[in-house]
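Given the structure is predicted, the values throughout are model-derived calculations rather than measurements. Heads up: numbering here begins at 1 and tracks the sequence.
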Amino acid sequence: MENKPDTTDLTGTTQAGHDHDDGHDHAEDEHTHDEAGSETGSPWREYLPAILSFVLLVTGIGLQYYGAGFFESQWVRLVWFGVAYVIIGWKVVWAALKGFARLDFFNEFSLMGIATIGAFVLGEYAEGVAVMLFYGVGELFQTAAVNRAKRSIKALLDVRPDKATVWRDGAWVEANPETVAIGETIQIKPGGKVPLDGRMLSEDSSFDTAALTGESKPNTIRQGETVLAGMLNLSKLTEVKVTKKFGESSLAKILDLVQNAAGKKAPTQQFISRFAKIYTPIVFFLAVALAFLPYFFVADYNFSIWVYRALVFLVIACPCALVISIPLGYFGGIGAASRNGILFKGSNYLDLMTQLTTVVMDKTGTLTQGVFEVQQVQTEGYPETELIGLLAALESKSSHPVAKAVTGYATRNGLAFDERTVENVEEIAGHGLKGRIDGKTVLAGNLKLLARFSVNYPPALNDIVDTVVVAAIDSKYAGHLTIADQIKPDAREAIIQLRKNGIRETVMLSGDKNAVTQKVAVELGMDSAFGDLLPEGKVQKLEELKRDPRRKIAFVGDGINDAPVLALSDVGMAMGGMGSDVAIETADVIIQTDQPSKIATAIQIGRATRRIVWQNISLAFGVKVIVLILGAGGLATMWEAVFADVGVALLAILNAVRIQSMKFWKSAEHPVNENVYAVVGQRNRKTVP
């Protein structure tokens with residue numbers, strides 16, 4: 001049977017910590033507490049068994065201590081403590097029995113069941129109840145901890161409205177968002193949530209994007225720009241043209257990514273799962289040996305004493321702290337990242353972030369804003385309005401930032417292009433677009449596109465430093481647009497923070513002109529940069545970097561042409577706001593805010609997560625080894641065993657949830673000294689031919 005992820009349902013109770021990789025998911029059908037009461041039901045329903053058991057245990061210990069007459073009867077004590085045990089422990093025993101039925105004899109349920117029932121057999125009723133009670137309390141702490149870890153993720157479920165106001169048959173009607181088709185127009189009232197992805201039809205409005213990006217600062221979205229499901233409309237009555245179905249929206253993909261993130265386990269997590277599978281039967285047989293082997297070596301051997309020591313040994317050795325706290329630590333890291341606008345597709349990538357030595361980045365849309373503005377239009381043989389109309393019609397079929405600049409320019413100048421019939425559109429990666437419009441073959445892209453189709457163009461175009469969109473109609477040069485881009489406000493700071501976080505090398509790979517690429521790289525103080533690269537050129541450069549086995553490489557990009565390099569790198573990171581669906585699908589980590597400074601934040605979260613995980617491993621093993629030795633020597637009782645097992649598990653859980661309250665670096669809180677960039681750039685920059 002296939003192993004299931006540690007957490008398969010964010011709306012239910014935690015499933016972390018009980019998957020021993022034995023082919024069965026203990027958490028799904030054998031979890032020791034009531035899943036219904038986790039977050040959706042009454043908390044008293046979940047806590048009541050522990051409270052009742054605790055009251056009976058404390059009362060029973062008091063009656064026994066003060067020598068109450070009726071409590072001197074062993075049968076009375078057995079029934080009293082037996083009721084307390086059944087209330088809190090029946091699910092554990094039932095889980096152990098179900099494990100036995102499928103020949104799974106060695107798991108934490110069987111260890112706890114055998115140890116506590118054995119304590120009852122020896123007459124240690126109070127201790128047997130105490131062990132099971134504290135184990136149950138540990139489960140409650142685990143539930144609370146995971147619920148806290150996923151609260152920010154679960155909040156996403158609440159930002160997706162279950163109704164949409166759509167224009168149909170000459171009127172606004174309410175409909176289920178799942179029934180709204182692409183191309184229909186929806187209306188979002190002030191204070192309303194956007195149900196579907198679309199393109200802004202109204203002039204502008206302010207939106208709260210915190211649910212998607214983690215950033216509380218409102219974002220103004222203007223006509224023609226993208227509006228995403230989950231955003232909150234803050235100002236005006238807004239109309240949006242739907243571009244994606246309900247299940248294909250950005251929010252739906254985010255939910256799917258986060259819900260399945262726990263399925264990709266970190267190496268440490270995988271090791272602990274494999275370790276628990278081997279460790280548990282070894283512990284069981286050591287306990288059996290501790291109970292019976294002394295008979296052959298100890299002169300005054302007492303069966304009850306040595307069995308009691310074996311039971312104490314079993315309780316101490318239970319691997320709860322490891323199998324609970326370590327998945328919880330990684331899940332907490334995923335939750336902390338999501339609150340910072342960073343989505344990890346698996347906990348394994350949290351570990352990989354701590355090993356990075358080199359960060360390779362695309363330029364357009366990654367380090368630059370990707371919000372291009374048309375600066376100049378020159379035509380040859382065509383009226384400007386006709387050329388812009390043709391280019392905008394073709395570019396409307398692309399999500400590239402340059403394409404958005406062209407369509408945005410046409411929209412602002414009142415040039416209609418939506419009505420044109422565009423056929424046989426072909427996006428040539430690293431070159432541009434080709435298509436037929438009104439019977440004409442139109443090319444729109446860079447100079448390499450014209451060279452590819454043997455279209456002659458003025459040689460002076462080669463000397464323009466800024467981005468140029470050249471056009472050809474029916475194999476003849478028709479003009480060009482000069483487009484300018486801006487470096488993102490936090491891009492320079494991102495390079496500084498990457499170095500502070502241990503990144504030894506920063507590289508830029510771009511399909512843009514080499515002159516533009518080098519200019520941006522110098523401004524940012526990057527180590528090296530390469531321009532004029534086709535997608536295969538980027539792959540070749542990355543393969544060259546990977547030849548050095550000491551390098552661990554992250555690639556950060558946003559376009560369709562970045563998908564091969566994202567897949568090739570050790571960690572692929574995509575800009576989720578303006579990134580293409582292909583890039584987001586291929587990437588391992590998604591930066592929802594489109595801020596390059598979040599790369600450093602992701603590294604910090606990865607390191608904090610790994611640090612907490614190893615603290616828990618050290619704590620669990622350290623305490624257990626000490627108390628195991630004491631227990632085997634008869635110097636530890638069930639009470640010390642409870643601390644070594646449940647106590648350490650609780651401490652590890654509390655340590656794991658610390659990451660939820662940690663504050664990670666944000667660019668806005670750290671003003672930048674411009675002089676530092678100049679020094680860093682001069683010191684680190686390599687000469688690029």
Side-chain angles (χ1 to χ4, degrees), residues 356-370 372 400-402 429-431 446-448 462-468 483-499 503-548 551-559 561-562 564-566 568-575 583 594-597 599-600 672 674 676-689:
L356 295 178
T357 62
T358 303
V359 174
V360 182
M361 290 174 268
D362 177 45
K363 179 181 71 67
T364 304
T366 301
L367 291 168
T368 63
Q369 292 181 357
F372 291 86
H400 194 279
V402 171
H431 291 74
N446 54 30
L447 296 176
K448 290 178 287 189
N462 292 311
D463 300 325
I464 300 176
V465 175
D466 291 328
T467 300
V468 175
I483 295 177
D485 193 7
Q486 297 291 322
I487 293 175
K488 289 183 178 179
D490 66 329
R492 297 175 178 176
E493 198 175 359
I495 303 303
I496 296 295
Q497 289 298 325
L498 285 174
R499 290 198 176 92
I503 299 302
R504 298 196 294 266
E505 186 179 20
T506 55
V507 182
M508 183 192 298
L509 303 180
S510 177
D512 206 347
K513 289 182 177 181
N514 192 54
V516 177
T517 303
Q518 299 302 327
K519 177 184 175 184
V520 173
V522 169
E523 289 185 43
L524 297 179
M526 300 188 72
D527 294 321
S528 57
F530 305 89
D532 290 319
L533 295 176
L534 297 174
E536 54 267 31
K538 290 184 178 181
V539 170
Q540 182 181 352
K541 289 294 181 185
L542 196 67
E543 287 176 339
E544 290 175 7
L545 291 171
K546 289 191 72 173
R547 285 177 191 149
D548 185 347
R551 283 192 176 108
K552 282 287 184 181
I553 300 173
F555 180 84
V556 191
D558 71 311
N561 59 343
D562 293 326
V565 226
L566 286 166
L568 182 63
S569 59
D570 295 301
V571 180
M573 305 180 73
M575 294 295 174
D594 283 343
Q595 294 173 290
S597 57
I599 305 169
V672 181
E674 295 287 339
V676 174
Y677 294 117
V679 173
V680 172
Q682 292 170 10
R683 186 178 69 241
N684 292 291
R685 186 149 180 77
K686 299 174 184 175
T687 303
V688 180

A.B. asks: Do the side chains of Lys488 and Asp594 get close enough for a salt bridge, i.e. N-O under 4.0 angstrom?
C.D. replies: no
A.B. asks: Just how far is it from atom CE of Met575 to atom CD of Gln595, taken to the nearest 0.5 Å?
C.D. replies: 8.5 Å
A.B. asks: Take Leu498 and Ile599 through the side-chain contact (heavy atoms from CB on, under 4.5 Å) test and state the conclusion after the steps.
C.D. replies: CA-CA 8 Å; Leu498 285 174; Ile599 305 169; 3.7 Å; yes
A.B. asks: Which residues satisfy the side chain to side chain donor-acceptor pair (under 3.5 Å) test with Thr358, sequence neighbours excluded?
C.D. replies: Glu505
A.B. asks: Taking all atoms of both residues into account, what is the closest heavy-atom pair of Met508 and Val520, and its distance?
C.D. replies: CE-CG1, 3.7 Å
A.B. asks: Between Lys538 and Asp362, does a salt bridge (charged side-chain N to carboxylate O under 4.0 Å, His left out) hold up when you go through it step by step?
C.D. replies: CA-CA 9 Å; Lys538 290 184 178 181; Asp362 177 45; 3.2 Å; yes
A.B. asks: Give the minimum heavy-atom separation between Asp527 and Thr506, together with the two atoms involved.
C.D. replies: OD2-N, 2.8 Å
A.B. asks: What are the two closest heavy atoms between Phe530 and Val507, and how far apart are they?
C.D. replies: CE1-CG1, 4.0 Å
A.B. asks: Which residues pass the side-chain contact (heavy atoms from CB on, under 4.5 Å) test with Glu543, not counting sequence neighbours?
C.D. replies: Val539, Leu568
A.B. asks: So, taking the atom named CZ in Arg492 and the one named OG in Ser597, what distance separates them when rounded to the nearest 0.5 Å?
C.D. replies: 14.5 Å
A.B. asks: Report yes or no: does Thr357 contribute a side-chain atom to a donor-acceptor pair with the main-chain N or O of Lys552 at less than 3.5 Å?
C.D. replies: yes
A.B. asks: Shortest non-hydrogen contact from Ala529 to Thr517?
C.D. replies: CB-CG2, 3.9 Å
A.B. asks: Locate the shortest heavy-atom distance separating Pro596 from Ala491; write the atom from each residue and the value.
C.D. replies: CG-CA, 3.8 Å
A.B. asks: State which residue, out of Val359, Ile503, Leu524, fulfils the side chain to side chain contact (heavy atoms under 4.5 Å, CB included) condition with Ile495.
C.D. replies: Leu524
A.B. asks: Between Met361 and Leu509, is any pair of side-chain heavy atoms under 4.5 Å apart?
C.D. replies: no
A.B. asks: How long is the span from the NZ atom in Lys541 to the CG atom in Leu533, to the nearest 0.5 Å?
C.D. replies: 6.5 Å
A.B. asks: Does the side-chain contact (heavy atoms from CB on, under 4.5 Å) test come out yes or no for Gln486 and Thr368, once each step is laid out?
C.D. replies: CA-CA 5 Å; Gln486 297 291 322; Thr368 63; over 6 Å; no
A.B. asks: Identify the heavy atoms of Leu356 and Ala554 that sit nearest to each other, and give their distance.
C.D. replies: CD1-CB, 3.6 Å
A.B. asks: Using a 3.5 Å distance criterion without hydrogens, assess whether the side chain of Asp532 forms a donor-acceptor pair with backbone atoms of Asn514.
C.D. replies: yes
